[in-house]
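So the structure is just underneath, and the comments pick up after that.
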Amino acid sequence: MEETKTILIIDDSQENLSVLERLITHLGYQADLCRDGLEAIERAGQRSYEMIFTDVNMPRMNGIEFLQSIRSKGDTTPVVMITGFPSITLAVESMKKGASDFITKPFQMGHIEHIITRTLREKSLQQKNRYLEGELRNKKKIEELNENLQSKIEELSIMYSTGEMACHSENMEDLFDRMIEMASSITKGEDISILIIDRETDALVPKRLHGDGNLIHPIPLREGAIGKAVLENRTLMIPAGKLSPISAAGKTNSNFLALPMAIKDEVFGSLNISKASPFSAKELHLLNNMLSKFTMAIENHALYESIYENLTDTLRSLVMAVEAKDLYTKDHSQRVTDLAILIANEMGRSRAEMETLRFSGFIHDIGKIGIQDTILLKPGSLTDTEWESIRTHPVIGENIVKPLKFLHEERLIIRHHHERFDGTGYPDGIKGEEIPLLARILAVADTYDAMTSSRPYRTAKGHDFAVEEIIRSRNTQLDPLAADAFLACVRSYGMQKAADRIPWHKISAVVQSIF
């Protein structure tokens, strides 16, 4: 059941109190009566009222003083002033102090009902308005929080993507491509370039260009704004219309940003971005975060490549030492590598797999360095014991590279390149797809070159013979898919029924174009 609403009546006249009480009770409200302002203040402090009627002239505290007192405490209850001597001055003063209305004695039922109905309706509207204003403020606050949250999520997503791109880039070239991609995603820049310092010419030369407004000529380090910014390792930001056409790579009517790239405070290049809109603080923050991750990855790649090159050069030297001893096998490793890459490319294998073949193919026979020269260079047929010795070279080769943990795939290729598809190969006698795919591919190339190369104990077979033998060896010695890819290469490069050998100069050129 709904509680009866209470209206407070303040008047020093008992007659007026009684009249108003009867009128209010008749209208369905409950009346609470006070004789002056001080008593009313005490009552108002104990409970809340729907509205208040107060006489203006009262002892101890009049109506105006009462109104001022409750308003100073933040009480917004509607107050209707009562007087027997109305005047415009009094009405204006009452309204200024916060009164809701002003009535005169004697009271009339209709008038009182109208005032109560209107005042309470206005109070309800004001409450709803305050509620809606509060809801609107809350909504705006929530929207602002959501916007901030979305912005943070977007920022974290970009930072995570940056880290993932930097960590999973396969090589330095891939890193630069991904850096351009991420910079474009962050800024929506129209023209983006990466310039790298060429120490020989003392100039910035283009490494990557994205967009149609980039200049491609080298920029001297000591000339132009961008050259100086890189030389001094400081960020450069130039507003639209202020960029000299010879200062940087970008449109002169765009906002331009150059961010030097450095490893351990040594600048090696610059990321440059041009776009129509100004660069925001958020974009600068994300770009700097991106650069820190990518430059760290570049440093790691550079270190890895340096170590990798030193080790691979050592291994290549060992292979060359093997081939130098045996003139019959001179350049065998390079030919096998080129042909294996050609087959892998025909099979649609990835660039990373072809990179693995490029290295492992060259060192696949490195284990022969552990075989006695008297066996390797023997002009006649080999004995069973000598054949057993020859067959140890894949294991010897694997053991040579095994300490190099990052050559896992290469190690498997070296060990298994003499396995047969039917399981009768060596050293492990594994078959089919148990043999690593790249080893199966290399086996086809190795088989072809072995047949078409002269050995101390036999003369070379012709190209046609080798092709027919590879066709015959599908599903027995060789993986049929790799063999078919080899045959497709033979057809593609016009080598079917060719003279004596594959035109290796043509194959080498094709392989170079792949990389």
Side-chain angles (χ1 to χ4, degrees), residues 151-152 154-166 169 172-198 203-263 265-299 301:
S151 177
K152 286 297 179 184
E154 179 187 359
E155 184 176 333
L156 288 173
S157 175
I158 290 173
M159 292 172 74
Y160 174 78
S161 299
T162 299
E164 286 293 292
M165 283 188 171
S169 296
M172 202 85 79
E173 299 303 313
D174 189 37
L175 268 173
F176 288 130
D177 289 336
R178 291 177 178 233
M179 193 184 299
I180 290 286
E181 179 185 343
M182 185 55 66
S184 176
S185 174
I186 291 171
T187 65
K188 305 297 184 291
E190 293 107 14
D191 299 306
I192 306 174
S193 64
I194 295 176
L195 305 181
I196 300 297
I197 295 176
D198 183 342
L204 286 161
V205 296
K207 183 70 176 178
R208 287 291 185 278
L209 298 172
H210 170 78
D212 58 4
N214 288 299
L215 301 178
I216 60 172
H217 59 73
I219 300 174
L221 278 177
R222 290 168 179 79
E223 296 181 19
I226 188 172
K228 292 179 180 178
V230 170
L231 193 64
E232 298 171 8
N233 191 13
R234 61 181 177 86
T235 298
L236 172 71
M237 190 182 298
I238 301 178
K242 301 294 184 180
L243 183 66
S244 166
I246 62 171
S247 294
K251 298 173 183 175
T252 57
N253 61 343
S254 297
N255 293 278
F256 179 79
L257 176 68
L259 294 166
M261 300 184 296
I263 295 176
D265 294 327
E266 183 176 348
V267 180
F268 65 89
S270 174
L271 171 66
N272 315 288
I273 306 170
S274 296
K275 64 169 188 167
S277 60
F279 292 92
S280 67
K282 178 182 176 182
E283 288 173 333
L284 290 175
H285 170 69
L286 290 174
L287 286 171
N288 281 313
N289 178 274
M290 179 197 79
L291 276 186
S292 68
K293 286 183 170 58
F294 273 102
T295 51
M296 186 181 300
I298 289 170
E299 181 181 12
H301 274 287

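In plain terms, the two heavy atoms of Ser292 and Asn289 that are nearest each other are OG-O, 2.7 Å. The two atoms that bring Pro278 and Asn255 nearest to each other are N-ND2, 3.5 Å, heavy atoms only. Minimum interatomic distance between Pro218 and Val205 (heavy atoms only, all atoms of both residues): CB-CG1, 4.0 Å. Residue Lys188 comes nearest to Lys275 through the heavy atom pair O-CB, 4.5 Å, listed as atom of the first residue, atom of the second, then distance. Nearest heavy-atom pair, Met179 versus Ile194, reported as atom, atom and distance to 0.1 Å: SD-CD1, 3.8 Å.
Remark: the backbone N or O of Glu181 is not paired with any side-chain donor or acceptor of Ser184 at under 3.5 angstrom.
Each of Leu204, Leu271, Val230 was evaluated against Leu195; a single residue qualifies, Leu204, per the side chain to side chain contact (heavy atoms under 4.5 Å, CB included) test. Each of Ile196, Val267, Ile197, Asn233 was evaluated against Met261; a single residue qualifies, Ile196, per the side chain to side chain contact (heavy atoms under 4.5 Å, CB included) test. If you run side chain to side chain contact (heavy atoms under 4.5 Å, CB included) between Phe256 and each of Ile273, Asn272, Asp191, only Asn272 comes through.
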Exercise for review: Could you give me the CA-CA distance, side-chain angles and deciding distance for Arg208 and Ser193, then say whether side chain to side chain contact (heavy atoms under 4.5 Å, CB included) is met?
Suggested key: CA-CA 5 Å; Arg208 287 291 185 278; Ser193 64; over 6 Å; no
Exercise for review: Under the side chain to side chain contact (heavy atoms under 4.5 Å, CB included) rule, what do Ser280 and Glu283 come out as? Steps first, then yes or no, please.
Suggested key: CA-CA 5 Å; Ser280 67; Glu283 288 173 333; 3.2 Å; yes
Practice item. Start with the C-alpha gap between Leu284 and Leu257, add the side-chain angles, then the distance that decides, and say whether side chain to side chain contact (heavy atoms under 4.5 Å, CB included) holds. Key: CA-CA 9 Å; Leu284 290 175; Leu257 176 68; 3.6 Å; yes
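Counting non-hydrogen atoms of neighbouring residues, nucleotides and ligands closer than 6.0 angstrom, the CD atom of Glu266 reaches no more than 12 such neighbours.
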